[in-house]
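The structure under discussion appears below in the form of structure tokens.
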2 protein chains.
Amino acid sequence: MTIDPYSDIPAYKQLAAGLRTMIDSGSLAPGQRVPSESDLVQRYGVARETARRAIALLRAEGLIQTIQGQGSFVADRQEAVTMRFPSGTEVAARMPSPEERRAFGVPEGVPIFIVRDPAGRESKLRADRNVILFAEE
Amino acid sequence: MTIDPYSDIPAYKQLAAGLRTMIDSGSLAPGQRVPSESDLVQRYGVARETARRAIALLRAEGLIQTIQGQGSFVADRQEAVTMRFPSGTEVAARMPSPEERRAFGVPEGVPIFIVRDPAGRESKLRADRNVILFAEE
DNA sequence: GCCAATTTGTGCGTATGTATT
DNA sequence: GAATACATACGCACAAATTGG
């Protein structure tokens, strides 16, 4: 994988696309560390900001999580719990506010479900760990 | 609203919080233009990157949309269509890939529903314009 | 069509702070 | 303490898109 600075596609998107391919193909497995910013800078000859932007893009897609002082890691996708809800239930989804992110411990790039039961009561669930199933008991 | 550069809270988060308050309170109404980067730089005495980061934060939350050459605009929230699905339907949500974003015309900060019907067929819906209702016909 | 002004996008450099190992 | 890694913040320059004259 190389970066073409003369391409119409911005360098940070090219870089993100390359990393995304590695994640999708499994060559970067869930839990595994993504190359550090310095790594990307050296290997691909880009500025640090360019590397950071590629990382930020994947983080916003929910593909990786970043921890200061440690690095970025490929997110787990499979371990979702199926939650069962009865007829009349309404489900919305949106990105959480920073307060909701803190409250639920949700990383960047992860939406939340807003589930409203027939009585109008709302509950929120992080969308990376839950799947909604419509079915009576 | 002022920015305190000596606060523990980063300047761009302070700025984003101020703008978020204006949006939530309706003082910045849906469809209305958010102050430009240059405006923010001049009014609050921050660097352009700081202003851009505040904007990017709100965009990632789905609160605003940005159009190159025009500016950022407060997103509409209310106009969601209710989609009805039968028992056995499974619903997940996640952020779209860039390809899915293009395919569905979804702006940044907007998740998509992945709806799987009892037969296993998948369909995708943008989460800012759709609500899922579980109910038989 | 053209040009200028405005606004966001991309990319580089530097410096310093914070967190982890 | 040292090394590594990410976070914040400033500066600069030019590109791309839109709008208005």
Side-chain angles (χ1 to χ4, degrees), chain A residues 2-19 28 31-61 63-75 98 101-102 105 107-109, chain B residues 2-19 28 31-61 63-75 98 101-102 105 107-109:
Chain A
T2 49
I3 304 301
D4 173 15
Y6 303 107
S7 164
D8 284 345
I9 302 170
Y12 77 92
K13 288 188 182 175
Q14 294 180 50
L15 195 44
L19 293 170
L28 273 176
Q32 198 176 340
R33 221 197 70 178
V34 175
S36 74
E37 298 173 358
S38 321
D39 288 341
L40 298 175
V41 166
Q42 287 178 12
R43 291 190 207 168
Y44 300 106
V46 296
R48 188 181 166 214
E49 191 196 307
T50 303
R52 279 182 67 72
R53 256 201 260 175
I55 294 289
L57 206 53
L58 301 180
R59 196 168 48 227
E61 291 171 28
L63 291 182
I64 63 176
Q65 293 182 34
T66 301
I67 306 176
Q68 184 176 358
Q70 293 189 43
S72 294
F73 303 85
V74 180
R101 289 245 318 280
R102 273 195 300 278
E108 274 184 70
Chain B
T2 48
I3 303 301
D4 173 14
Y6 303 107
S7 164
D8 283 345
I9 301 169
Y12 78 91
K13 288 188 182 174
Q14 294 180 52
L15 195 46
L19 294 170
L28 273 177
Q32 198 176 340
R33 221 198 69 178
V34 174
S36 74
E37 298 172 359
S38 322
D39 288 341
L40 298 175
V41 166
Q42 288 177 13
R43 291 188 208 170
Y44 300 106
V46 296
R48 187 185 169 208
E49 190 197 305
T50 302
R52 278 181 68 73
R53 255 203 262 174
I55 294 288
L57 205 52
L58 301 179
R59 195 168 48 226
E61 292 171 28
L63 291 182
I64 64 176
Q65 292 182 35
T66 301
I67 306 175
Q68 183 176 0
Q70 294 190 41
S72 294
F73 302 85
V74 180
R101 288 246 317 280
R102 275 196 300 276
E108 275 183 71

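Every chain is numbered from 1, with letters handed out A, B, ... down the list of sequences.
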Measure the distance from [atom1] on [X] to [atom2] on [N] and round it to the nearest whole Å.
{"X": "B:E49", "N": "C:dC12", "atom1": "CD", "atom2": "P", "result": "14 Å"}
{"X": "A:R52", "N": "C:dT10", "atom1": "CZ", "atom2": "C1'", "result": "16 Å"}
{"X": "B:L40", "N": "C:dT6", "atom1": "CG", "atom2": "C1'", "result": "15 Å"}
{"X": "A:Y44", "N": "C:dG11", "atom1": "OH", "atom2": "P", "result": "16 Å"}

What's the separation between atom [atom1] in [X] and atom [atom2] in [Y], rounded to the nearest 0.5 Å?
{"X": "A:I64", "Y": "A:L19", "atom1": "CD1", "atom2": "CG", "answer": "7.5 Å"}
{"X": "B:T66", "Y": "B:R33", "atom1": "OG1", "atom2": "CZ", "answer": "11.0 Å"}
{"X": "A:L58", "Y": "A:L63", "atom1": "CG", "atom2": "CG", "answer": "6.0 Å"}

- Read 5' to 3' with Watson-Crick or G-U pairs under 3.5 Å, [ ] for crossing pairs and | for partners on another strand, DNA chain C gives .||||||||||||||||||||
Using atom types as modelled, flag every donor-acceptor pair under 3.5 Å from a side chain in residues 39-47 of chain A to any protein atom, sequence neighbours excluded.
from  : atom 1 : to    : atom 2 : distance (Å)
A:D39 : OD2    : A:S36 : N      : 3.2
A:D39 : OD2    : A:S36 : OG     : 3.3

- On a heavy-atom basis, the closest approach of A:A16 and A:L57 is CB-CD2, 3.9 Å
- Item | Residue of the set B:I3, B:T50, B:I55 for which side chain to side chain contact (heavy atoms under 4.5 Å, CB included) holds with B:Y12 |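 Exactly one candidate clears the test, B:T50.
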- Can you check whether A:R53 has a side-chain N or O nearer than 4.0 Å to OP1 or OP2 of C:dG11? no
- Message: Just N and O in the side chain of B:R33: are any of them under 4.0 Å from OP1 or OP2 of C:dT7?
- Response: yes
- Message: The criterion is side chain to side chain contact (heavy atoms under 4.5 Å, CB included); which residues satisfy it with B:S7, sequence neighbours excluded?
- Response: B:D4, B:I9, B:Q14
- By salt bridge (charged side-chain N to carboxylate O under 4.0 Å, His left out), B:E37 pairs with (sequence neighbours left out) B:R48, B:R52
- Protein-proximity profile, nucleotides 14-21 of chain C, B/S/- by nucleotide at the 4.0 Å heavy-atom cutoff, equals -B-BBBSS
- Message: Could you tell me the boundaries of the chain B footprint on DNA chain D, defined by atoms under 4.0 Å from its heavy atoms?
- Response: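 First-to-last contact on DNA chain D, by the 4.0 Å heavy-atom rule, is D:dT8 to D:dT19.
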- Query: Toward the 5' end of DNA chain C, which comes first, B:D39 or A:A11, by nearest nucleotide?
  - Reply: B:D39
- Item | Side-chain heavy-atom pair B:P98, A:E61 within 4.5 angstrom cut-off | yes
